[in-house]
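Below is one structure, written out as structure tokens, with a few remarks after it.
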Amino acid sequence: IEPQWEATVGKPYVDGVCMRLAGGSVVIPLSYFRTAAQQIGQKLVAEKRLTDGELFTYGVVAFPVQNDTPRPLFRVEEVEATLPLKPARLPAAVEFGTQFPGDLPVVVPQTVLDEAAALTRQAEANEIGGILIGHVCTDDERRDLFVEVTALIPARHALSASTKLTFTAETWTAVDAAIKLRRREEQMLAWFHSHPSKYWCGPNCSLEARKKCPLSRNFFSAEDCLLHRTVFPMAHCFALVATNTDAGLNFAMFGWRQGLIAQRGFHILNATNNAGEPAEAVIGGTHEETCN
């Protein structure tokens with residue numbers, strides 16, 4: 001692992017981190033450190049060195065460390081993990097959002113989107129969420145893979161607030177029990193959560209201003225990225241976000257692309273034009289950073 005020095009000011013400021021492997025290398029961008037910077041910011045707020053909601057910038061520096069202590073040797077053994085595949089044909093469905101070359105097609109039934117929309121509206125000012133289950137399918141005729149969502153399991157045991165949703169141990173236990181009870185050999189493919197953005201505006205905000213509010217944009221926060229990296233790190237996993245605005249409710253999907261979390265498109269089965277309008281989303285940051 002080697003630091004990539006910032007081109008203008010040079011050492012010790014870092015512009016990225018290069019990870020060299022036997023088969024090549026990959027550069028980790030500074031956005032990787034956003035969650036750590038956010039945690040430091042929360043600590044500075046607790047110490048009253050920053051005010052809550054105050055914006056700050058962060059940088060990454062690297063210094064050589066002299067360590068004469070012998071490092072323990074270890075071996076890395078690659079273990080091939082088998083992914084259950086279901087033979088199926090990719091169904092005809094309506095594309096929603098931009099599908100980039102190399103993205104695994106994801107098919108979501110309109111009924112699942114309708115259920116997610118209903119949960120979002122019922123939760124009103126609080127965030128709500130759930131787990132999307134289904135299959136990774138192989139289409140022998142097309143010689144391609146795709147992801148098929150079959151159901152949304154609401155996260156009944158999650159801790160819900162206006163700007164935060166926390167999945168608990170009981171959430172994952174309940175999802176596992178539901179999958180076993182259905183007996184369809186489904187997998188946890190993704191997670192869903194809502195943004196009640198129309199409730200985030202102040203009471204003095206006009207209706208016209210609320211429709212143009214930056215918080216009405218689709219976004220995937222730093223905390224969302226952290227959960228996704230931890231629980232859904234597989235290449236076929238994704239996340240679905242429903243944003244409830246004064247102008248209506250719309251959906252955005254995020255998944256893996258070249259090792260990074262990126263916005264992506266998907267396919268709606270039996271679509272009824274009830275998913276909103278595709279729009280570019282912001283990835284990383286906090287509600288305050290999105291607003292500004």
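All values reported here derive from a predicted model rather than from experimental measurement.
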Exercise. Can you find a side-chain donor-acceptor pair between T111 and D114 that sits under 3.5 Å?
Worked result: no
Problem set entry | NZ/NE/NH1/NH2 to OD/OE distance under 4.0 Å, K180 and D176 | yes
Exercise. Going by atom types only, do W191 and H228 share a side-chain donor-acceptor pair under 3.5 Å?
Worked result: yes
For this session: For W5 and Y13, run ring-ring contact (aromatic ring centres under 6.0 Å, His included): C-alpha distance rounded to whole Å, both residues' side-chain angles, the deciding distance at 0.1 Å, then the answer.
Result: CA-CA 6 Å; W5 304 119; Y13 295 95; 9.4 Å; no
Exercise. Is T120 reaching over with its side chain to a backbone N or O of T243, donor-acceptor style, under 3.5 angstrom?
Worked result: no
For this session: Answer with yes or no whether the side chains of S162 and N126 bring together a donor and an acceptor at under 3.5 Å.
Result: no
Exercise. With no hydrogens and no angle check, is any side-chain donor or acceptor of T245 less than 3.5 Å from a backbone partner on K198?
Worked result: no
Exercise. Where the side chain of Q263 meets the backbone of A281, is there a donor-acceptor pair that is under 3.5 Å apart?
Worked result: yes
Problem set entry | Ring geometry between H195 and H193 (parallel below 30°, tilted from 30 to 60°, perpendicular above 60°) | perpendicular
For this session: For G265 and M253, work out which heavy atoms get closest and say how close.
Result: O-SD, 4.2 Å
For this session: Look at the side chain of D140 and the backbone N and O of R143, then say whether any donor-acceptor pair between them is shorter than 3.5 Å.
Result: no
For this session: Please check if any side-chain donor atom of E170 sits under 3.5 Å from a side-chain acceptor atom of T173, or the reverse.
Result: no
Exercise. What pair of heavy atoms forms the shortest contact from A271 to Q110, and how long is it?
Worked result: CA-OE1, 3.4 Å
Problem set entry | Stacked cation flag R257 on F100, 6.0 angstrom / 45 deg | yes
Exercise. Any donor and acceptor pair, going by atom type alone, linking the side chain of W256 with main-chain N or O of F232 inside 3.5 Å?
Worked result: yes
For this session: Scan side-chain atoms only and decide if E127 and S160 contain a donor-acceptor pair under the 3.5 Å cut-off.
Result: no
